[in-house]
Amino acid sequence: MARHKSRARALLNKWQEPKIVRGNHDDTKPSIKEVLEFRKAVRHLEDPYPFSFNFGLANTRENCAQSSKEVYRKLLRHTPEEDVLPFDTLGILVRHGNEVDESQAKTLVKVFQCDLSGYVSETDTETDFIQGCDNVYKQLRLLYAALKNSQRLDYVLENIINCIFFTILTFVLLSVVGIDPFSVLLSFTTIFLSFTFAFGATAAKYTEGIVLIATPSHRPFDVGDRISLADPNSPSDPSGTATWFVEDLNLFFTTLRYAATNEIATVSNSALANARIINCARSKGASIIYPLKFGIATENRTIEIFKTTVEKYVNDRPSKWEEFSAMRCGRIEPDLGFVEYTLIVKHQKGWQDTGPIMDDKAELVTFCLEVAKSLGMRYEAPPMPVHLNMAGPPMSMNVQQQPTTTAGAPQMPIPSRNKSEGTSAANVIARWNAAASAASTTGKFGPH
């Protein structure tokens, strides 16, 4: 029965469940208990022992790596007969009596990249365990930085709202005591009008940027996110685009760091409001698209063997790849002698962690190359024709008299063109040699 279910699922097209947002806002309103738990969690982020006192000091990345190394060695002592750390040792964390929390178990497998053999890794378990703890540490630090930045933005917005509130309150008090506030404003009409013409466009841009950043629930990025900026009307590149890290942001400007060269740039929020922003931190499950070229004579049976082999390679590495999405033919070129297939696989990580994704992609592409070589599917481009004939009309040996230089020395003759003579490279060289020999014999250039 399980076999038939898995086969039926494989026949279905890939589909992602839509995110359903409830219309009742009372369901999303936090309770007092949740607010207190959130404040406690934020204070826990400031603790130098965020993973508990038994884990060790983790106030810096170096201390976290050292503490995770010590914890790994302590866990390995519980299984002295094993050379690598089995996942059952970590599974104690998700057991509650005789029951196992499946959601926590999946999270634990994803953090420590457990393979199908039941171990954290078959090669270097200590390194993978330390990397898993390091990934959690980085997420905690980014969360703490985002909370602090949001707190600063809320403070600035609070001051702006307070200014507006007290201004309105002043006008209300003036009207209560019998002073007409509109007569007071009328005296400043000229000044207000001049400021409107001078700073109206600038104020509109600043307001547009403030609206983009001010609302936390609709903010397109946070501190530490990897983003990509592009024109909304430009087409997207399936191979990816240049990315930036958000270093800092306020109500007016955003500081970005170029991911490739670590260059720092400052961009106004009004310019970002009119751009297409791709947030890699919120783009879960990176899809890798890679073109494959095979010879036109490759049989369909051989391509199916190649596809099955690559699919098995992907499925055997669940800690890296989520699924084998598709492999389909998208281009046929009989004149050039190849067919092009597109390989699509889905990674476990999001585009925020581009480095591990590119490393795993390189391993997958290398494996595809080796499989193609073993099956005789490699495509070799046909040689391009090379034309050795010189372009242009042929040249003759009619040498014109050339002027001498200021020192009296003769100059090199330039042969004139004649349609009656050949155009091969040997004939051209022979003409130049004959002209040079004549010049050395007569002592001057010219016909003789």
Side-chain angles (χ1 to χ4, degrees), residues 16-55 58-59 64 90-112 132-133 135-166 168-169 209-227 246 248-251 254 269 277 279-285 348-350 352:
Q16 187 175 0
E17 290 283 349
K19 184 178 179 181
I20 300 176
V21 180
R22 299 183 181 274
N24 190 1
H25 297 283
D26 294 334
D27 296 339
T28 60
K29 185 179 297 183
S31 62
I32 298 178
K33 180 182 178 181
E34 292 174 344
V35 172
L36 294 177
E37 289 178 350
F38 178 77
R39 294 185 62 180
K40 183 179 179 180
V42 172
R43 287 197 302 267
H44 190 68
L45 294 177
E46 301 174 352
D47 193 348
Y49 299 90
F51 301 117
S52 76
F53 183 79
N54 294 327
F55 180 87
N59 57 343
C64 179
L90 297 176
I92 301 175
L93 300 174
V94 297
R95 282 199 190 95
H96 305 286
N98 296 328
E99 297 181 356
V100 177
D101 192 332
E102 294 185 2
S103 61
Q104 293 182 359
K106 291 180 181 179
T107 304
L108 203 62
V109 170
K110 189 175 182 180
V111 169
F112 294 104
C133 297
N135 292 334
V136 177
Y137 171 81
K138 290 189 292 186
Q139 291 179 4
L140 287 178
R141 300 307 298 174
L142 289 176
L143 175 61
Y144 183 71
L147 289 175
K148 286 297 182 182
N149 186 80
S150 180
Q151 181 181 5
R152 187 180 60 180
L153 292 176
D154 292 341
Y155 177 76
V156 176
L157 284 174
E158 182 181 359
N159 291 335
I160 294 176
I161 294 174
N162 288 338
C163 292
I164 297 174
F165 172 76
F166 285 115
I168 297 175
L169 182 61
I210 292 174
V211 172
L212 177 70
I213 301 297
T215 308
S217 59
H218 297 85
R219 191 176 300 161
F221 49 78
D222 292 311
V223 174
D225 289 353
R226 182 195 291 265
I227 64 173
V246 180
D248 187 23
L249 71 152
N250 52 43
L251 292 178
T254 299
N269 294 336
I277 303 175
N279 194 322
C280 298
R282 302 175 187 176
S283 304
K284 306 298 181 182
Q348 287 286 0
K349 296 182 179 294
Q352 179 75 9

(request) Just jot down the salt bridge (charged side-chain N to carboxylate O under 4.0 Å, His left out) partners of Lys284, sequence neighbours excluded, or say none. (result)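 Applying salt bridge (charged side-chain N to carboxylate O under 4.0 Å, His left out) to Lys284 gives none.
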(request) Return the set of residues passing salt bridge (charged side-chain N to carboxylate O under 4.0 Å, His left out) with Arg282 (not counting sequence neighbours), or none when no residue passes. (result)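 Arg282: salt bridge (charged side-chain N to carboxylate O under 4.0 Å, His left out) contacts with Asp222.
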(request) Measure the CZ-SG distance between Arg141 and Cys64 for me, rounded to the nearest 0.5 Å. (result)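 These two atoms lie 10.5 Å from each other.
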(request) Apply the test side-chain contact (heavy atoms from CB on, under 4.5 Å) to residues Cys133 and Phe55: give CA-CA distance (whole Å), side-chain angles for both, the deciding distance (0.1 Å), then the verdict. (result) CA-CA 11 Å; Cys133 297; Phe55 180 87; 4.1 Å; yes
Validation: residues 35-47 side-chain donor-acceptor distances under 3.5 Å, sequence neighbours left out:
unit_1, atom_1, unit_2, atom_2, d
His44, NE2, Pro50, O, 2.7
Glu46, OE2, Tyr144, OH, 3.3
Asp47, OD1, Tyr49, N, 3.2

(message) Using a 3.5 Å distance criterion without hydrogens, assess whether the side chain of Arg219 forms a donor-acceptor pair with backbone atoms of Ile213.
(response)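 Indeed, once roles are kept as given, a pair shorter than 3.5 Å links the two residues.
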(request) Would you please name every residue forming a side-chain contact (heavy atoms from CB on, under 4.5 Å) with Ile168, sequence neighbours left out? (result)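 Ile168: side-chain contact (heavy atoms from CB on, under 4.5 Å) contacts with Ile164, Val172.
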(request) Mind checking side-chain contact (heavy atoms from CB on, under 4.5 Å) for Ala281 and listing every partner two or more places apart, or none if nothing turns up? (result)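 If we apply the side-chain contact (heavy atoms from CB on, under 4.5 Å) test to Ala281, skipping adjacent residues, the hits are Asp225, Asn279, Gln352.
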(message) Within the structure provided, determine whether Pro220 and Leu212 are in side-chain contact (heavy-atom separation under 4.5 Å).
(response)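 Contact flag for Pro220/Leu212 side chains = yes.
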(request) Identify the two heavy atoms, one from Ala145 and one from Val223, that lie closest to each other, and give their separation to 0.1 Å. (result)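 Heavy atoms of Ala145 and Val223 come nearest at CB-CG1, 4.2 Å.
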(request) Identify the heavy atoms of Ala58 and Tyr137 that sit nearest to each other, and give their distance. (result)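 In this case the closest contact between Ala58 and Tyr137 is O-CE1, 3.3 Å.
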(request) Assess whether atom CG of Leu169 is packed by more than 12 heavy atoms of other residues, nucleotides or ligands within 6.0 Å. (result)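 Yes, because the 6.0 Å sphere around CG of Leu169 holds more than 12 heavy atoms from other groups.
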Donor-acceptor pairs are to be reported for all side-chain atoms of residues 149-158 against protein atoms at under 3.5 Å, with residues two or more places apart or in another chain.
unit_1, atom_1, unit_2, atom_2, d
Asn149, OD1, Arg152, NH2, 2.8
Arg152, NH2, Asp248, OD1, 2.5
Arg152, NH2, Asp248, OD2, 3.4
Arg152, NH2, Leu249, O, 3.0

